[in-house]
Amino acid sequence: MAAKRKLAENPNSELIDFLHELADYEKNVSRMIHKYNAYRKAASSIAKIDHKIQSITDIKGLEGIGKKIAAKIEQYLSTGKIKKLETNRGDETGAAINQMTRVMGIGPAHANKLVHQEKIKSIDELRSHPKRDQLLNKTQLLGLNYLEEFEQKIPRDEIKQMEIILLREITAIDNQLRAEIVGSYRRGATASSDIDVLVTHPTVAKLPSLLHKIVETLTKQFHFITDTISVGDSKFMGVCQIDTSKLHRRIDIRVFPSEQYYCALLYFTGNDQLNRHMRIVAQEQGYKLNEYSIQKVGSTGTLSKPLPVTSERDIFDYLQMD
DNA sequence: GTCTA
DNA sequence: TACCATGCGCG
DNA sequence: TAGACCGCGCATGGTA
């Protein structure tokens, strides 16, 4: 094979897209987050099937697929359409609400308000609205400003370049600092939707001021950070740019005390599915696992002190996992 | 919308 | 000013 | 058939 080939598309991708569209409508328009999750779960079950679904018997009994979704799939199989989806698509207001939620910081609640109260029907109308600056908060204005840029994936090579700068500058602030880029990048992805940085330092008391120092340095000295969305003692969320010829990117930086670092590393490397799986295994083995620690659960539900963890391996060992 | 107690 | 509820993004 | 469906840091806006 001469060049890297695009991964073969899932044989049921059209059906999966339909389910995602139904999911989005429930989340953004109906504001039923659990229905959203139900549709997503059904879609992910179907995504695991490696052949084209021919009949309803192919999916009956699959995890997350009950009566209603099965009926919709049946409709899709026989007519190529799903009534409910066609109805949703005919709802202009719903479509407008969905569009609004493309903007970072505009969720279902605010999107509904913009469309229902302000009668705003499109992103363009929002951009040119005379009261735009009163209708949106700081984060949402940033989100609107960078909307198209944030929708672009970040190539792995670009993150690699950022990694060099980040590690160099963070270490320059304090050579006891340790930092890693986690998320899909650490899982080896060829492109990511944002940059997620974890930082730790052996001296707990220093952590909050260190985060502020890191943010200040990367902002004022290097103009690497271009905007701050939020910043507290343990988490920064913002925008960065490797140089002015490149797009603006979403970046998060979190600091953890060293005893929590490896639980955080595991958690923020993900993915979601692995996290859920490990939480369940932990529970089965009599532990409680989260992004901060692993604790033993006593017979009465009492929690032990956080167990010592000095590597990700330690966590797998407690849980007897490979 | 689906699953479970 | 202090506190609280809500919205949002996130692996 | 009622209730769960992950939980947390930060911003914001409301209330006392």
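Note on naming: letters A, B, ... go to the chains in the order of the sequence lines (proteins, then strands), and numbering restarts at 1 for each one.
For the pair A:Ile280 CD1 and D:dC5 P, the computed distance is 12 Å after rounding to whole Å. Taking atom CG on A:Leu207 and atom P on D:dG9, their separation rounds to 14 Å, with Å as the unit. Rounded to an integer number of Å, the gap from CD of A:Gln283 to C1' of D:dC6 is 12 Å. To the nearest angstrom, C1' of D:dC6 lies 12 Å from CD1 of A:Ile33. Note: NZ (A:Lys113) to C1' (D:dG13) measures 9 Å, nearest angstrom. Here the C1' atom of nucleotide D:dG9 and the CD1 atom of A:Ile253 are 15 Å apart, to the nearest Å. Atom NE2 of A:His34 is separated from atom P of D:dA2 by 17 Å (rounded to the nearest Å). With rounding to whole Å, A:Asn290 atom CG is found 10 Å from D:dG9 atom P.
Toward the 5' end of DNA chain D, the nearer of the two residues A:Asn137 and A:Asn37, judged by each one's closest nucleotide, is A:Asn37. Nearest-nucleotide positions on DNA chain D for A:Glu291 and A:Val231 put A:Glu291 closer to the 5' end.
Here the shortest heavy-atom pairing between A:Ile53 and A:Asn12 reads N-OD1, 2.9 Å.
Within 4.0 Å (heavy atoms only), A:Val182 reaches no atom of the nucleic acid at all. Note on A:Lys35: a base of the nucleic acid sits closer than 4.0 angstrom, heavy atoms only. At the heavy-atom level, A:Ile65 lies under 4.0 Å from the strands shown only through sugar-phosphate atoms. A:Tyr39 comes within contact range of the sugar-phosphate backbone alone, with a heavy-atom separation under 4.0 Å but no base atom that close. At the heavy-atom level, A:Tyr292 lies under 4.0 Å from the strands shown only through sugar-phosphate atoms.
With sequence neighbours left out, A:Gln273 forms a side chain to side chain contact (heavy atoms under 4.5 Å, CB included) with A:Lys48, A:Asn271. Considering only residues two or more places apart in sequence or on other chains, A:His248 meets the ring pair (Phe, Tyr, Trp, His ring centres under 6.0 Å) condition with A:Tyr146.
The salt bridge (Lys or Arg N to Asp or Glu O under 4.0 Å) contacts involving residues 166-189 of chain A comprise A:Asp174-A:Lys206, A:Arg178-A:Glu180, A:Glu180-A:Arg186, A:Arg186-A:Glu312, where partners must be two or more places apart or lie in separate chains. Pairs passing the ring-ring contact (aromatic ring centres under 6.0 Å, His included) check and including a residue from residues 32-82 of chain A, sequence neighbours excluded, read A:Phe18-A:Tyr76.
At a threshold of 4.5 Å between side-chain heavy atoms, the hydrophobic network of Ile, Leu, Val, Met, Phe, Trp and Tyr places A:Met237 and A:Met104 in one connected group. Residues A:Val182 and A:Met162 do not share a hydrophobic cluster, defined by chaining ILVMFWY side chains whose heavy atoms lie under 4.5 Å apart. Residues A:Leu19 and A:Met32 do not share a hydrophobic cluster, defined by chaining ILVMFWY side chains whose heavy atoms lie under 4.5 Å apart.
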Discussion item. Does the protein touch nucleotides 4-11 of chain C at the base, only the backbone, or not at all? Give it as B, S and - per nucleotide, heavy atoms under 4.0 Å.
Written reply: ---SSSSB
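More than 12 heavy atoms of other shown residues, nucleotides or ligands fall within 6.0 angstrom of atom NZ in A:Lys296.
As rounded to the nearest Å, B:dT2 and D:dG7 have P atoms that lie 23 Å from one another.
Of all nucleotides in DNA chain B, those with any atom nearer than 4.0 Å to a heavy atom of chain A start and finish, going 5' to 3', at B:dG1 to B:dC3.
Each of A:Leu147, A:Asn28, A:Leu144 was evaluated against A:Arg102; a single residue qualifies, A:Leu147, per the side chain to side chain contact (heavy atoms under 4.5 Å, CB included) test.
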